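Below: the structure, in structure tokens.
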Protein chains: 2
Amino acid sequence: MKLSDGVEWALHCATVLAAVPPDRGLTAAKLAEFHDVPSAYLAKHLQALTRAGIFEAVPGRRGGYRLARPASEISVLDVVDAVEGRLRPFLCSEIRQRGPVAGPKSDYRKACGISRVMYDAENAYRDVLKHTSLTDLITGLMADAPHAAVRGATWLQKELSS
Amino acid sequence: MKLSDGVEWALHCATVLAAVPPDRGLTAAKLAEFHDVPSAYLAKHLQALTRAGIFEAVPGRRGGYRLARPASEISVLDVVDAVEGRLRPFLCSEIRQRGPVAGPKSDYRKACGISRVMYDAENAYRDVLKHTSLTDLITGLMADAPHAAVRGATWLQKELSS
DNA sequence: GTCCCTATACTCGGATAGCAAGTGTCCGAGTATAGGCGG
DNA sequence: CCGCCTATACTCGGACACTTGCTATCCGAGTATAGGGAC
């Protein structure tokens, strides 16, 4: 069980975009430069986020990406699902209905207890991410590393003005 | 994020082994036959479970696998970690300390807030699995599909007597 | 001076290679058993 | 008849190919801009 690196990048990009005025945008190249990650690969994930309706892409010159809705209405889960593709980590293949002791289908009306536990765990995981919004993330970032936040804001202002 | 198929197999095997008397064992081939899965590949996971101290392997003729401790003292998390290798789904690469706005390390004393949320979610996931034991699983299986449980017990008795 | 048209530069978007990890399989090392032999 | 020894058959264990999906990259389609020309 491993998450794509893109999840971390996407979350950081989202916090940066939250600081961009709604009528402006930031290009994939700038976002990649800010985090020092391969821009071509980052672009791939930004596209996925756009398809999911979390980011908005502005084409053409002076284009770029921006949040599709207020940061308070974007959860961490939204971002993770968009990048990872919303596939369940555990998939029950009903092996209890296979082998020499398999019986009629009517014997297995209730879902397999093992899958139930795995799904419960998955839901607990998702709940935590669901109840954390981008604003929560930003509040935390500013409290944890205020100096870095100020430097980031300064850099952003410089990029937007040019 | 995807879990290995072996997780499901391992959990089902564990519930079967829980029904085997402590002084007996069940071979990898028999476990594979019971679930109709490739025995060679299942053996690989059984070895991992043995290394993790959850199963015990009895070598030689009339050997096989059995639980290393009572079913009530084995959690689902133990099995999942043994098969999956206990690697964290999310790994913070501290990209906030990279790029043009990177600052002195003293600015980043506290852990990245993004990683904190991801780890909280992971812990919620693990907690659910941790608080479910093999006995809980078996109780559920027998309640959900009693006929199948009886057939399984009969098959097992036949195999053990021969 | 104002409007329109055209060429341009820059953006996103999807299609294309490379690589690592999971998936699946095999054969060799080790051990309890079963049978035969000797006492 | 009893004990011991040897050969055997069966088990687990680790080493070896293959496939899927993530990682990384590129070039083409589309658009707002900027400049020049006509009115």
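Proteins come first, then strands; the chains are lettered A, B, ... in the order of their sequence lines, and each starts at number 1. Everything quoted here is computed from the prediction, not taken from an experiment.
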Rounded to the Å, how far apart are R24(B) CZ and dT33(C) P? 11 Å

Option passing side-chain contact (heavy atoms from CB on, under 4.5 Å) with Y65(A) (candidates V20(A), L26(A), L17(A)): L17(A)

Short side-chain N/O contact from R51(B) to OP1 or OP2 of dG14(D), under 4.0 Å: yes

For a quick test of reading the model, state the closest non-hydrogen atom pair linking I95(A) to H12(B) and the distance between them. CD1-CD2, 3.5 Å

Please give, in whole Å, the distance from dA32(C) P to D23(B) CG? 16 Å

Let me know which of R116(B), R96(B), R109(B) forms a salt bridge (charged side-chain N to carboxylate O under 4.0 Å, His left out) with D144(A). R116(B)

Taking N or O atoms only and anything under 3.5 Å, show me the protein contacts with nucleotides 21-29 of chain D, one pair per line.
residue: dT23(D); atom: OP2; partner: S4(A); partner atom: OG; Å: 2.7
residue: dT23(D); atom: OP2; partner: Y41(A); partner atom: OH; Å: 2.8
residue: dT23(D); atom: O5'; partner: Y41(A); partner atom: OH; Å: 3.2

Report the distance from atom CD of E56(A) to atom P of dG13(C), rounded to the nearest whole Å. 11 Å

All heavy atoms of S4(A) vs all of H45(A), minimum pair found to be OG-CE1, 3.8 Å

Under 3.5 Å, is there a donor-acceptor pair linking the side chains of T139(B) and D136(B)? no

What's the closest nucleotide to the Q47(A) side chain, out of dG14(C), dT31(C), dA34(D)? dG14(C)

Atom-to-atom span, CZ of R61(A) to P of dA7(C) - whole angstrom: 17 Å

In whole angstroms, the gap separating P of dG13(C) from CG of L46(A) amounts to 9 Å

Shortest non-hydrogen contact from Q97(B) toward A102(B): O-CB, 3.2 Å

What integer distance in Å separates Y65(A):OH from dT31(D):C1'? 14 Å

For G25(B), answer base if it contacts any base atom (sugar-phosphate contacts may also be present), sugar-phosphate if it contacts only those atoms, and nothing otherwise; contact means non-hydrogen atoms under 4.0 Å. nothing

Rounded distance (Å) that lies between atom C1' of dT11(D) and atom CG of L31(B): 13 Å

